[in-house]
Undergrad: 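Dumping the structure here so I can ask a few things about it.
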Amino acid sequence: MAVPPAARGYESFGGTVGRTAAGSAPEWTYPPAAPEGAPNIVVVLVDDMGYSDIGPFGSEIETPTLDRLAANGVRLTNYHTTPLCSPSRASLLTGINAHRAGFGFVANADPGYPGLRLELADDVLTLPEILRHNGYATYAVGKWHLVRDATMNPAAHRDSWPTQRGFDRYYGSLEGLNSFYYPNQLVSDSSVVDVEEYPEGYYLTDDLTDKAIGYIKDLRAHDANKPFFLYFAHVAMHGPLQAKPADLAKYRGRYTAGWDELRRSRFAAQLAHGLFPPGTQQKPRNTEPGYEAAEWDSLTDDERRRYARYMEVYAAMVDSIDQSVGRILDTLEQLGEADNTIVVFTSDNGGTAEGGPEGTRSYFASFAHIDDPDWIGDVPHDEELIGTERLGVHYPRGWGQASNTPFRFYKGQTFAGGVRVPLLVSWPEGLPRAAGDDGIRHEYAYVTDLAPTLLELAGLTRPSVRNGLPAKDFDGVSAAELLRDPLAPARHTEQYSEMTGHRGFYRDGWKLLSLHEPGADIDAPRWQLFDVRADPTELHDLSARYPDKAAELATAWDESAWANTVFPLLTRQDLAARRPEETRFAAPVRLLAGTPTLERYRSQRLIAYRDFEITVELGGYRLDDEGVLVAHGDPLGGYVVFIENGRVVLGVNSYGDYAETATEPLAPGTERITVRAAVRPRLRWDFRVEIPGGPAAELTDRVQLVGMSPWTGISVGVDARGPVSLDLRERRGAFRYTGDLRAVTYTPGPIRVPRPAIDAVEREAEFVAE
């Protein structure tokens with residue numbers, strides 16, 4: 001009997017339906033399937049790693065895995081990205097120019113303009129969404145940084161989180177950086193991982209690698225054929241720089257010759273590799289004010305010894321990344337899938353100058369320098385601690401310049417040092433090297449080209465709609481022909497760039513560049529013109545010789561800027577803006593015992609630049625009760641309140657400088673303990689611990705924790721994740737409170753730091769924290 005016309009639920013059914021199974025025929029529907037033999041795709045993205053930091057691009061650092069990829073694959077020597085991290089990630093994963101994708105800056109601001117949404121819009125398709133549509137499993141591990149910091153907390157919407165943007169599984173950090181020994185918050189899929197104490201020997205790169213391998217093995221245990229996309233976005237090489245002892249030991253003593261010699265030797269290796277044409281020059285050092293690096297031989301013996309230690313840490317971390325890639329490839333070899341896997345290895349931008357001219361013992365304190373650059377003693381007293389979990393260091397910018405050999409400037413600028421990075425592509429089965437092909441390509445390519453290139457190589461289609469909206473078209477073009485044919489011309493012939501007023505425009509071998517200086521008119525660029533075919537290191541300004549060409553490209557930049565929602569141009573001060581409703585983060589909050597660790601940004605808003613009060617509610621203190629009442633922070637900065645030996649102890653860690661004070665013994669039955677912090681001049685706090693019936697304990701003149709510090713959020717009843725006091729952690733572990741702890745209430749007071757001082761710190765934090 002036919003289905004009655006009014007029956008609901010059968011409209012799209014293609015089988016036959018009768019009253020019983022005897023008169024019916026089933027139909028099954030299936031999710032999309034990938035084409036037969038479709039390759040796996042692995043994209044390895046490193047953070048803040050310059051052009052010359054791996055063996056195939058001239059480095060002395062041991063990278064045998066990447067050397068092997070280069071030997072069997074293709075090196076793109078003229079590949080460009082954006083100057084900063086979030087914009088590059090947005091462009092890589094969407095094939096769309098950064099501003100048009102909503103990421104004209106990093107996701108640590110919220111100025112309220114279309115090119116600076118700092119979250120992916122509903123009409124922006126991501127590469128994992130496209131690949132999942134084509135039947136791929138999709139996995140991401142590592143750094144995300146495509147969600148505003150105000151929406152990293154569990155109560156926020158998750159529209160721009162990884163699993164809402166096409167990834168089946170995700171494990172890593174939503175932040176722009178993290179500690180390698182004590183990550184402040186890890187996310188698995190769409191939930192925060194509840195970590196009380198990281199295991200001994202924990203190291204973030206190893207954890208991420210374990211998880212990536214686990215995803216691959218899990219897939220193959222359940223489906224032998226389904227291709228996968230793995231996006232491995234390393235937190236390294238972003239500061240703070242921390243390395244495993246074994247890797248660090250390997251590089252001890254290797255950098256005593258200094259950054260000038262390293263830059264010379266790396267450039268010689270690049271010329272020997274054929275990465276640049278004979279006659280290419282490099283500038284020995286950056287000399288522009290604010291970007292300059294000292295001549296190595298002009299430094300004192302103590303400075304040279306200390307500075308060399310920083311580079312040892314950096315090299316050890318690059319080595320660790322190579323080991324990680326090797327473990328992924330070993331897994332693919334064991335599965336018999338290495339030859340049919342496309343592997344891409346690249347960086348999000350060039351090496352950085354964030355460590356300043358001298359390096360820093362505290363990456364987070366570097367955001368908050370005031371008129372006295374030594375206000376926290378910004379030189380390690382024990383050089384053996386550089387690179388360990390006890391300090392969050394960053395190298396002097398002379399090493400960043402060496403990282404970017406042979407180019408000028410750093411991450412954040414539109415000159416080649418900020419945007420020209422290594423790119424390796426390997427696919428033994430699909431991109432075999434022909435006889436006589438050295439695997440080196442000199443044609444221009446851009447970060448937006450990766451998505452369309454991978455789709456063409458894999459033979460996949462792209463949907464035209466996302467969430468019912470027409471999806472934005474790719475801005476990038478496929479470089480597949482360039483990968484296959486060493487004689488193929490570049491298809492990406494022009495490209496704008498912009499970051500905090502720095503500008504650039506490339507067209508057919510000409511490059512127009514402008515360096516925006518703080519305080520200058522952001523819309524009055526001082527253009528420089530370079531013929532990068534003859535002058536790839538951008539040393540010889542031709543704007544006076546070819547004014548018409550400079551004017552032509554300046555007009556083209558303006559047109560492209562309007563077409564890509566670059567306007568309005570914003571200075572770093574403008575980018576410090578936040579949406580007004582974020583003031584709710586500074587409202588008083590009562591945290592019950594057992595509340596999971598409060599997210600970093602939410603926690604920091606309760607104390608930033610203001611007086612604040614912490615009230616601890618106990619169900620009646622007993623003489624044998626002990627443990628942490630509240631903790632906020634980790635070894636890189638924070639404070640902790642705990643009871644030990646009957647006394648209330650307040651410990652304050654000012655960016656690695658730890659001090660304590662303690663009360664008189666608590667009386668049995670005590671139900672309330674109060675900690676007050678009062679702002680004083682020059683970004684300081686005075687702390688006072690009050691207990692009933694006893695004198696207050698005081699800890700005065702402590703440096704305020706500002707910018708992005710404390711890095712780990714507030715924990716109640718335990719010092720979770722990274723310890724504020726490493727010595728306490730070694731003695732007592734996470735030191736969970738044993739008594740009846742009811743709640744901890746934060747009552748923020750008014751902001752009492754002058755607005756100009758806050759603006760100075762926030763501008764630095766939003767820019768440098770990327």
Undergrad: ring-ring contact (aromatic ring centres under 6.0 Å, His included) with Y113: which residues, sequence neighbours excluded?
TA: none

Undergrad: ring-ring contact (aromatic ring centres under 6.0 Å, His included) with F407: which residues, sequence neighbours excluded?
TA: Y51, F276

Undergrad: Can you name the residues that form a side-chain hydrogen bond (donor to acceptor under 3.5 Å, both in side chains) with Q270, not counting sequence neighbours?
TA: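 Here no residue qualifies.
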
Undergrad: Test of understanding: with salt bridge (charged side-chain N to carboxylate O under 4.0 Å, His left out), list the residues that count as partners of R132, not counting sequence neighbours.
TA: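 Salt bridge (charged side-chain N to carboxylate O under 4.0 Å, His left out) check on R132 returns D168.
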
Undergrad: If the condition is side-chain hydrogen bond (donor to acceptor under 3.5 Å, both in side chains), which residues does S173 pass it with, not counting sequence neighbours?
TA: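 By the side-chain hydrogen bond (donor to acceptor under 3.5 Å, both in side chains) rule, S173 matches N178.
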
Undergrad: Would you please name every residue forming a side chain to side chain contact (heavy atoms under 4.5 Å, CB included) with T493, sequence neighbours left out?
TA: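 Applying side chain to side chain contact (heavy atoms under 4.5 Å, CB included) to T493 gives D508.
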
Undergrad: Residues in salt bridge (charged side-chain N to carboxylate O under 4.0 Å, His left out) with D449, at least two apart?
TA: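 By the salt bridge (charged side-chain N to carboxylate O under 4.0 Å, His left out) rule, D449 matches no residue at all.
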
Undergrad: With sequence neighbours left out, which residue pairs that include part of residues 92-108 fulfil the salt bridge (Lys or Arg N to Asp or Glu O under 4.0 Å) condition?
TA: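 Only R100-D475 qualify under salt bridge (Lys or Arg N to Asp or Glu O under 4.0 Å).
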
Undergrad: Check side chain to side chain contact (heavy atoms under 4.5 Å, CB included) between S514 and all other residues, then give those that pass, not counting sequence neighbours.
TA: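 S514 satisfies side chain to side chain contact (heavy atoms under 4.5 Å, CB included) with R503, P525, W527 only.
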
Undergrad: Partners of R75 by salt bridge (charged side-chain N to carboxylate O under 4.0 Å, His left out), sequence neighbours excluded?
TA: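 Salt bridge (charged side-chain N to carboxylate O under 4.0 Å, His left out) list for R75, sorted by chain: empty.
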
Undergrad: Measure the acute angle between the ring planes of H99 and Y496, then classify it against the limits of 30° and 60° as parallel, tilted or perpendicular.
TA: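 Correct class here is tilted.
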
Undergrad: My understanding is that only residues two or more places apart in sequence, or in another chain, count here; which of them pass side chain to side chain contact (heavy atoms under 4.5 Å, CB included) with P154?
TA: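 Expected list: R158, V192.
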
Undergrad: Looking at residues at least two apart in the chain, or sitting in another chain, which of them share a side chain to side chain contact (heavy atoms under 4.5 Å, CB included) with S88?
TA: T81, T82, D348

